[in-house]
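Each remark here refers to the structure printed beneath this line.
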Amino acid sequence: MTERTSIILDVDTGTDDALAIAFATRHPAIDLIAVTTVAGNIDVEKATANTLAVLDWLGAGEIPVHRGASRPLVRPHRDATYFHDEHGLGGARLPASERELGADRGPAAIIRLARQRPGEIVLVNTGPLTNLAIALNVEPRLIEWLRAVVLMGGAFHVPGNVTPTAEFNIYVDPEAAEQVFSAPFPRLTAIGLDVTERVAITRADWDAVNSDADLPPSASLLREVGKFAFTRLDRDRFALHDPLAVAVAIDPSLVRNEDATVVVDTSEAEVGRTRVVGPGSVQVAVEVDADRAVETYRRTVGLPLPKPA
Ligand code: RIB
Ligand code: CA
(Lines give C-alpha, C1' and ligand atoms only; values in the text may rest on other atoms or scores of the structure.)
(Ligands and ions follow the chains in the order given, each with its own letter.)
Protein backbone atom coordinates (compact mmCIF):
# COMPACT_ATOMS: atom_id res chain seq x y z
CA MET A 1 0.00 0.00 0.00
CA THR A 2 1.43 3.39 -1.04
CA GLU A 3 2.13 5.58 1.97
CA ARG A 4 -0.24 8.52 1.67
CA THR A 5 0.78 12.14 2.20
CA SER A 6 -1.68 14.30 4.17
CA ILE A 7 -2.24 17.49 2.23
CA ILE A 8 -4.08 20.76 2.88
CA LEU A 9 -4.81 22.56 -0.39
CA ASP A 10 -5.09 26.38 -0.24
CA VAL A 11 -6.84 27.45 -3.44
CA ASP A 12 -8.43 30.35 -5.35
CA THR A 13 -10.64 28.10 -7.50
CA GLY A 14 -10.06 28.95 -10.54
CA THR A 15 -9.87 26.60 -13.46
CA ASP A 16 -6.46 25.06 -12.85
CA ASP A 17 -7.16 24.97 -9.11
CA ALA A 18 -10.18 22.81 -9.97
CA LEU A 19 -7.94 20.46 -11.96
CA ALA A 20 -5.50 20.39 -9.02
CA ILE A 21 -8.33 19.42 -6.66
CA ALA A 22 -9.31 16.62 -9.07
CA PHE A 23 -5.73 15.36 -9.12
CA ALA A 24 -5.47 15.50 -5.33
CA THR A 25 -8.70 13.57 -4.76
CA ARG A 26 -7.70 10.83 -7.20
CA HIS A 27 -4.02 10.23 -6.53
CA PRO A 28 -3.46 7.11 -4.36
CA ALA A 29 -0.54 8.74 -2.52
CA ILE A 30 -2.59 11.76 -1.40
CA ASP A 31 -4.90 12.09 1.58
CA LEU A 32 -6.58 15.46 0.98
CA ILE A 33 -7.59 16.38 4.53
CA ALA A 34 -8.93 19.92 3.98
CA VAL A 35 -9.21 22.73 1.45
CA THR A 36 -8.91 26.40 2.37
CA THR A 37 -9.88 29.21 0.03
CA VAL A 38 -8.49 32.66 -0.67
CA ALA A 39 -9.29 35.68 -2.85
CA GLY A 40 -7.30 35.36 -6.06
CA ASN A 41 -8.57 34.37 -9.49
CA ILE A 42 -12.01 35.32 -8.25
CA ASP A 43 -13.47 36.76 -5.03
CA VAL A 44 -13.28 34.42 -2.05
CA GLU A 45 -17.05 33.85 -1.93
CA LYS A 46 -17.05 32.50 -5.49
CA ALA A 47 -13.74 30.67 -4.97
CA THR A 48 -15.32 28.94 -1.98
CA ALA A 49 -18.56 28.09 -3.78
CA ASN A 50 -16.53 26.81 -6.75
CA THR A 51 -14.39 24.65 -4.46
CA LEU A 52 -17.44 23.12 -2.78
CA ALA A 53 -19.05 22.47 -6.17
CA VAL A 54 -15.90 20.87 -7.60
CA LEU A 55 -15.48 18.57 -4.59
CA ASP A 56 -19.14 17.51 -4.85
CA TRP A 57 -18.69 16.94 -8.61
CA LEU A 58 -15.74 14.68 -7.79
CA GLY A 59 -17.70 12.73 -5.18
CA ALA A 60 -15.40 14.13 -2.48
CA GLY A 61 -18.04 16.02 -0.54
CA GLU A 62 -16.63 14.72 2.74
CA ILE A 63 -13.53 16.91 2.47
CA PRO A 64 -13.98 20.03 4.61
CA VAL A 65 -13.68 23.48 3.02
CA HIS A 66 -12.71 26.52 5.07
CA ARG A 67 -13.20 30.01 3.68
CA GLY A 68 -10.12 32.22 4.03
CA ALA A 69 -8.90 35.71 3.32
CA SER A 70 -11.26 37.97 1.37
CA ARG A 71 -8.51 40.36 0.28
CA PRO A 72 -4.72 40.69 0.21
CA LEU A 73 -2.88 41.89 3.34
CA VAL A 74 -2.41 45.44 2.15
CA ARG A 75 -3.60 46.00 -1.41
CA PRO A 76 -7.04 45.87 -3.01
CA HIS A 77 -7.91 42.51 -4.57
CA ARG A 78 -7.25 42.17 -8.31
CA ASP A 79 -8.79 39.09 -9.92
CA ALA A 80 -8.15 37.06 -13.07
CA THR A 81 -11.67 36.82 -14.46
CA TYR A 82 -10.19 37.75 -17.84
CA PHE A 83 -8.90 34.16 -17.96
CA HIS A 84 -11.09 32.18 -15.56
CA ASP A 85 -14.37 33.96 -16.57
CA GLU A 86 -16.70 35.96 -14.37
CA HIS A 87 -17.64 32.96 -12.21
CA GLY A 88 -14.04 31.72 -11.95
CA LEU A 89 -14.57 28.24 -13.42
CA GLY A 90 -13.84 28.83 -17.08
CA GLY A 91 -17.41 28.51 -18.26
CA ALA A 92 -18.26 25.49 -16.10
CA ARG A 93 -21.69 25.62 -14.51
CA LEU A 94 -21.47 22.89 -11.90
CA PRO A 95 -24.41 22.18 -9.56
CA ALA A 96 -24.09 24.40 -6.51
CA SER A 97 -23.16 22.59 -3.32
CA GLU A 98 -25.65 22.50 -0.47
CA ARG A 99 -23.13 21.68 2.20
CA GLU A 100 -21.86 23.75 5.07
CA LEU A 101 -18.42 25.27 5.31
CA GLY A 102 -15.91 24.07 7.89
CA ALA A 103 -16.39 25.84 11.22
CA ASP A 104 -13.09 27.72 11.33
CA ARG A 105 -11.73 30.09 8.72
CA GLY A 106 -8.82 29.21 6.41
CA PRO A 107 -5.82 30.42 8.46
CA ALA A 108 -7.32 29.02 11.69
CA ALA A 109 -7.95 25.64 10.04
CA ILE A 110 -4.35 25.47 8.81
CA ILE A 111 -3.07 26.25 12.32
CA ARG A 112 -5.49 23.80 14.02
CA LEU A 113 -4.67 20.87 11.72
CA ALA A 114 -0.90 21.48 11.78
CA ARG A 115 -0.98 21.70 15.60
CA GLN A 116 -2.99 18.48 15.87
CA ARG A 117 -0.62 16.61 13.53
CA PRO A 118 2.84 18.16 13.85
CA GLY A 119 5.31 17.08 11.17
CA GLU A 120 2.69 15.23 9.11
CA ILE A 121 0.95 17.72 6.85
CA VAL A 122 2.11 19.22 3.55
CA LEU A 123 0.47 22.55 2.71
CA VAL A 124 0.09 23.17 -1.03
CA ASN A 125 -0.75 26.75 -1.98
CA THR A 126 -2.18 27.36 -5.45
CA GLY A 127 -3.36 30.94 -4.97
CA PRO A 128 -2.12 34.15 -3.36
CA LEU A 129 -0.32 33.47 -0.06
CA THR A 130 -2.58 35.59 2.15
CA ASN A 131 -3.90 32.72 4.31
CA LEU A 132 -0.44 31.34 4.98
CA ALA A 133 0.94 34.78 5.85
CA ILE A 134 -1.93 35.39 8.29
CA ALA A 135 -1.51 31.94 9.84
CA LEU A 136 2.25 32.47 10.20
CA ASN A 137 1.63 35.83 11.85
CA VAL A 138 -0.79 34.33 14.36
CA GLU A 139 1.18 31.11 14.97
CA PRO A 140 4.89 31.21 14.04
CA ARG A 141 5.24 27.57 15.22
CA LEU A 142 3.58 26.61 11.93
CA ILE A 143 7.11 26.62 10.57
CA GLU A 144 7.93 23.58 12.74
CA TRP A 145 4.49 21.95 12.57
CA LEU A 146 4.10 21.82 8.79
CA ARG A 147 6.03 18.94 7.19
CA ALA A 148 6.54 21.05 4.05
CA VAL A 149 5.06 23.86 1.98
CA VAL A 150 4.80 23.62 -1.81
CA LEU A 151 3.51 26.76 -3.49
CA MET A 152 2.58 27.55 -7.05
CA GLY A 153 3.93 31.04 -7.54
CA GLY A 154 6.68 33.22 -8.87
CA ALA A 155 8.61 33.77 -12.09
CA PHE A 156 12.26 33.45 -11.13
CA HIS A 157 14.22 33.25 -14.38
CA VAL A 158 11.36 33.77 -16.85
CA PRO A 159 8.88 36.59 -17.61
CA GLY A 160 5.74 37.00 -15.55
CA ASN A 161 2.18 36.38 -16.71
CA VAL A 162 0.51 39.49 -15.27
CA THR A 163 3.30 42.01 -15.86
CA PRO A 164 6.62 41.41 -17.64
CA THR A 165 8.11 40.41 -14.28
CA ALA A 166 5.29 39.21 -11.97
CA GLU A 167 3.35 35.95 -11.74
CA PHE A 168 -0.30 36.28 -10.71
CA ASN A 169 -0.34 34.61 -7.26
CA ILE A 170 2.57 36.74 -6.06
CA TYR A 171 1.33 39.87 -7.85
CA VAL A 172 -2.02 39.78 -6.05
CA ASP A 173 -0.45 39.71 -2.57
CA PRO A 174 3.27 40.53 -2.70
CA GLU A 175 3.42 41.44 1.00
CA ALA A 176 2.12 37.98 1.92
CA ALA A 177 4.62 36.38 -0.43
CA GLU A 178 7.43 38.43 1.09
CA GLN A 179 6.51 37.10 4.55
CA VAL A 180 6.29 33.50 3.35
CA PHE A 181 9.56 33.51 1.39
CA SER A 182 11.43 35.11 4.29
CA ALA A 183 10.09 32.70 6.92
CA PRO A 184 12.61 30.00 7.95
CA PHE A 185 10.64 27.01 6.64
CA PRO A 186 12.90 23.94 6.54
CA ARG A 187 11.14 22.69 3.40
CA LEU A 188 9.57 25.34 1.15
CA THR A 189 9.37 24.64 -2.60
CA ALA A 190 8.36 27.29 -5.11
CA ILE A 191 6.81 25.95 -8.33
CA GLY A 192 6.94 28.99 -10.58
CA LEU A 193 6.23 29.76 -14.21
CA ASP A 194 9.80 28.60 -14.89
CA VAL A 195 8.41 25.06 -14.80
CA THR A 196 4.59 25.31 -14.89
CA GLU A 197 4.48 26.94 -18.32
CA ARG A 198 6.20 23.83 -19.69
CA VAL A 199 3.53 21.47 -18.34
CA ALA A 200 0.33 21.78 -20.35
CA ILE A 201 -2.54 19.85 -21.80
CA THR A 202 -3.20 20.51 -25.44
CA ARG A 203 -6.01 20.94 -27.87
CA ALA A 204 -5.64 17.23 -28.65
CA ASP A 205 -6.47 16.57 -24.98
CA TRP A 206 -9.41 18.94 -25.28
CA ASP A 207 -10.65 17.16 -28.40
CA ALA A 208 -10.18 13.74 -26.77
CA VAL A 209 -12.09 14.70 -23.63
CA ASN A 210 -14.94 16.06 -25.76
CA SER A 211 -15.25 12.94 -27.85
CA ASP A 212 -15.37 10.42 -25.02
CA ALA A 213 -18.68 10.29 -23.21
CA ASP A 214 -17.59 7.66 -20.73
CA LEU A 215 -15.18 9.49 -18.45
CA PRO A 216 -14.85 9.69 -14.66
CA PRO A 217 -15.82 13.07 -13.13
CA SER A 218 -12.14 13.86 -12.55
CA ALA A 219 -11.62 13.77 -16.32
CA SER A 220 -14.93 15.24 -17.50
CA LEU A 221 -14.22 18.21 -15.21
CA LEU A 222 -11.73 19.36 -17.84
CA ARG A 223 -14.58 19.45 -20.39
CA GLU A 224 -16.34 21.87 -18.06
CA VAL A 225 -13.55 24.18 -16.88
CA GLY A 226 -11.69 24.18 -20.20
CA LYS A 227 -14.51 25.77 -22.21
CA PHE A 228 -13.48 29.38 -21.77
CA ALA A 229 -9.81 28.78 -22.57
CA PHE A 230 -10.25 26.38 -25.50
CA THR A 231 -13.36 27.89 -27.09
CA ARG A 232 -13.85 31.53 -26.11
CA LEU A 233 -10.12 32.34 -25.89
CA ASP A 234 -9.27 29.77 -28.57
CA ARG A 235 -6.11 28.69 -26.74
CA ASP A 236 -4.18 25.65 -27.99
CA ARG A 237 -2.73 24.75 -24.62
CA PHE A 238 -3.67 25.00 -20.97
CA ALA A 239 -0.80 25.18 -18.47
CA LEU A 240 -1.22 22.89 -15.48
CA HIS A 241 0.18 25.45 -13.03
CA ASP A 242 -1.67 24.24 -9.93
CA PRO A 243 -1.78 20.49 -10.66
CA LEU A 244 2.01 20.52 -11.02
CA ALA A 245 2.43 21.93 -7.50
CA VAL A 246 0.30 19.10 -6.10
CA ALA A 247 2.20 16.50 -8.14
CA VAL A 248 5.56 17.79 -6.87
CA ALA A 249 4.31 17.58 -3.28
CA ILE A 250 4.18 13.79 -3.63
CA ASP A 251 6.87 13.31 -6.27
CA PRO A 252 9.66 15.90 -5.88
CA SER A 253 11.65 14.05 -8.56
CA LEU A 254 9.47 15.72 -11.20
CA VAL A 255 11.50 18.92 -10.82
CA ARG A 256 15.07 20.00 -10.25
CA ASN A 257 15.48 22.84 -7.73
CA GLU A 258 18.03 25.48 -6.86
CA ASP A 259 18.59 26.39 -3.20
CA ALA A 260 17.72 30.06 -3.07
CA THR A 261 17.07 33.16 -1.10
CA VAL A 262 14.06 34.83 -2.71
CA VAL A 263 13.08 38.46 -2.48
CA VAL A 264 9.70 39.82 -3.57
CA ASP A 265 9.42 43.31 -4.99
CA THR A 266 6.70 45.40 -3.35
CA SER A 267 7.70 48.64 -5.01
CA GLU A 268 5.27 49.81 -7.66
CA ALA A 269 7.90 49.63 -10.41
CA GLU A 270 8.09 45.82 -10.39
CA VAL A 271 5.52 44.81 -7.81
CA GLY A 272 5.26 41.03 -7.43
CA ARG A 273 8.61 40.26 -9.05
CA THR A 274 10.36 37.29 -7.41
CA ARG A 275 14.14 37.35 -7.57
CA VAL A 276 16.73 34.78 -6.51
CA VAL A 277 19.41 36.88 -4.77
CA GLY A 278 21.71 34.10 -3.64
CA PRO A 279 21.83 30.67 -1.97
CA GLY A 280 19.28 29.91 0.72
CA SER A 281 16.66 27.49 2.03
CA VAL A 282 13.91 28.05 -0.53
CA GLN A 283 13.79 25.31 -3.18
CA VAL A 284 13.04 27.08 -6.47
CA ALA A 285 12.09 24.67 -9.26
CA VAL A 286 14.13 25.41 -12.38
CA GLU A 287 13.71 22.24 -14.46
CA VAL A 288 10.79 19.84 -14.90
CA ASP A 289 10.22 16.46 -16.53
CA ALA A 290 7.26 17.92 -18.41
CA ASP A 291 6.29 14.76 -20.30
CA ARG A 292 6.22 12.70 -17.12
CA ALA A 293 4.28 15.42 -15.28
CA VAL A 294 1.58 15.62 -17.96
CA GLU A 295 1.39 11.84 -18.21
CA THR A 296 1.02 11.62 -14.41
CA TYR A 297 -1.83 14.13 -14.54
CA ARG A 298 -3.59 12.35 -17.43
CA ARG A 299 -3.27 8.92 -15.80
CA THR A 300 -4.33 10.11 -12.34
CA VAL A 301 -7.51 11.90 -13.42
CA GLY A 302 -8.37 9.35 -16.14
CA LEU A 303 -7.99 11.49 -19.26
CA PRO A 304 -8.22 9.65 -22.58
CA LEU A 305 -4.95 9.57 -24.48
CA PRO A 306 -4.92 12.36 -27.07
CA LYS A 307 -4.69 11.35 -30.73
CA PRO A 308 -1.12 11.86 -31.99
CA ALA A 309 -0.66 15.15 -33.89
O1 RIB B 1 -0.06 32.25 -12.44
C2 RIB B 1 -0.84 31.09 -12.37
C3 RIB B 1 -1.54 31.02 -11.05
O4 RIB B 1 -2.43 32.13 -10.93
C5 RIB B 1 -2.44 29.78 -10.93
O6 RIB B 1 -2.51 29.42 -9.58
C7 RIB B 1 -3.77 30.26 -11.41
O8 RIB B 1 -4.87 29.54 -10.81
C9 RIB B 1 -3.78 31.67 -10.87
O10 RIB B 1 -4.19 31.62 -9.52
CA1 CA C 1 -4.70 29.16 -8.53
Side-chain angles (χ1 to χ4, degrees), residues 7-24 35-44 46-51 54 65 68-69 71-72 77-92 106 123-132 149-174 176-177 180 189-201 221-222 225-226 228-229 233 235 237-249 264 271-274 284-285 288 293 297:
I7 286 180
I8 298 172
L9 253 182
D10 186 61
V11 297
D12 60 334
T13 311
T15 53
D16 56 327
D17 303 75
L19 301 183
I21 293 169
F23 181 87
V35 184
T36 55
T37 62
V38 66
N41 288 319
I42 193 80
D43 63 76
V44 72
K46 289 197 182 81
T48 305
N50 290 343
T51 301
V54 165
V65 176
R71 50 156 296 173
H77 173 221
R78 287 168 289 195
D79 66 31
T81 50
Y82 51 84
F83 181 75
H84 297 266
D85 108 345
E86 60 187 317
H87 300 285
L89 269 186
L123 174 65
V124 180
N125 298 84
T126 65
L129 295 166
T130 318
N131 285 336
L132 180 50
V149 175
V150 180
L151 65 90
M152 191 280 132
F156 299 90
H157 306 291
V158 296
N161 59 359
V162 182
T163 71
T165 54
E167 178 278 327
F168 178 79
N169 287 336
I170 308 302
Y171 177 77
V172 169
D173 198 342
V180 170
T189 304
I191 304 296
L193 299 181
D194 309 60
V195 291
T196 65
E197 282 292 0
R198 296 184 228 165
V199 178
I201 50 173
L221 180 66
L222 172 61
V225 305
F228 196 67
L233 300 180
R235 298 286 179 90
R237 65 196 299 275
F238 186 101
L240 296 176
H241 302 293
D242 296 343
L244 180 60
V246 181
V248 170
V264 180
V271 62
R273 181 178 179 184
T274 46
V284 171
V288 60
Y297 171 75

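What's counted below: heavy atoms across the whole structure, side chains too, no hydrogens, waters or symmetry copies. As the structure lists them, so they are numbered: ligands from 1, and atoms in each ligand from 1.
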Check A239 against E197 and note the closest heavy-atom contact, atom names and distance. CB-OE1, 3.9 Å
Measuring only between side-chain heavy atoms, which start at C-beta, is T51 closer than 4.5 Å to I21? yes
Do N169 and L129 touch side chain to side chain, with heavy atoms closer than 4.5 Å? no
Taking D242 for its side chain and A18 for its backbone only, find out whether a donor-acceptor pair lies under 3.5 Å. no
Indicate yes or no for a side-chain donor-acceptor contact from R273 to the backbone of P164 under 3.5 Å, with no hydrogens or angles considered. no
Note: T126, heavy atoms under 4.0 Å from ligand 1, region reported as backbone
Checking heavy atoms under 4.0 Å, the part of T15 that sits near ligand 1 is neither
Checking T130 side chain against P72 main chain: does a donor-acceptor pair fall under 3.5 Å? no
Ligand 1 contact on V162 by region, counting heavy-atom pairs under 4.0 Å: neither
Can you confirm whether I201 sits close enough to Y297 that some side-chain heavy atom of one is under 4.5 Å from a side-chain heavy atom of the other? yes
Measure the distance from atom 9 (C) of ligand 1 to every protein heavy atom, then report the residue, atom name and distance (to 0.1 Å) of the closest one. N41 OD1, 3.1 Å
Looking only at heavy atoms, what is the nearest atom pair of D173 and P128, with distance? CB-CB, 4.3 Å
F168: numbered ligand 1 atoms lying under 4.0 Å from its heavy atoms: 1 (O), 4 (O), 9 (C), 10 (O)
Minimum-distance pair of heavy atoms, taken over all atoms of I170 and G272: CG2-O, 3.4 Å
Go through ligand 1 atom by atom and flag the ones less than 4.0 Å from a non-hydrogen atom of D12. 10 (O)
Identify, for atom 6 (O) of ligand 1, the protein heavy atom at the shortest distance, and state residue, atom and that distance. D242 OD1, 2.6 Å
Under a 4.0 Å heavy-atom limit, does N161 contact ligand 1 with its side chain, its backbone, both, or neither? side chain
May I ask you to identify the nearest protein heavy atom to atom 2 (C) of ligand 1, giving residue, atom name and distance to one decimal place in Å? E167 OE2, 3.4 Å
Should you measure from each heavy atom of M152, which atoms of ligand 1 turn up under 4.0 Å away? 2 (C), 3 (C), 5 (C), 6 (O)
Can you check whether F23 reaches L240 side chain to side chain, under 4.5 Å on heavy atoms? no
Any side-chain heavy atom of D17 within less than 4.5 Å of one from D12? yes
For atom 8 (O) of ligand 1, what is the closest protein heavy atom, and at what distance to 0.1 Å? D16 OD1, 2.5 Å
Can you list, by chain and residue number, the protein N, O or S atoms under 3.0 Å from the Ca ion (ligand 2)? D12 OD1, D17 OD1, D17 OD2, T126 O, D242 OD2
Atoms of ligand 1 under 4.0 Å from any heavy atom of H241, numbered from 1 in the order shown, are 2 (C)
4.5 Å side-chain heavy-atom contact, T13 and L89: yes
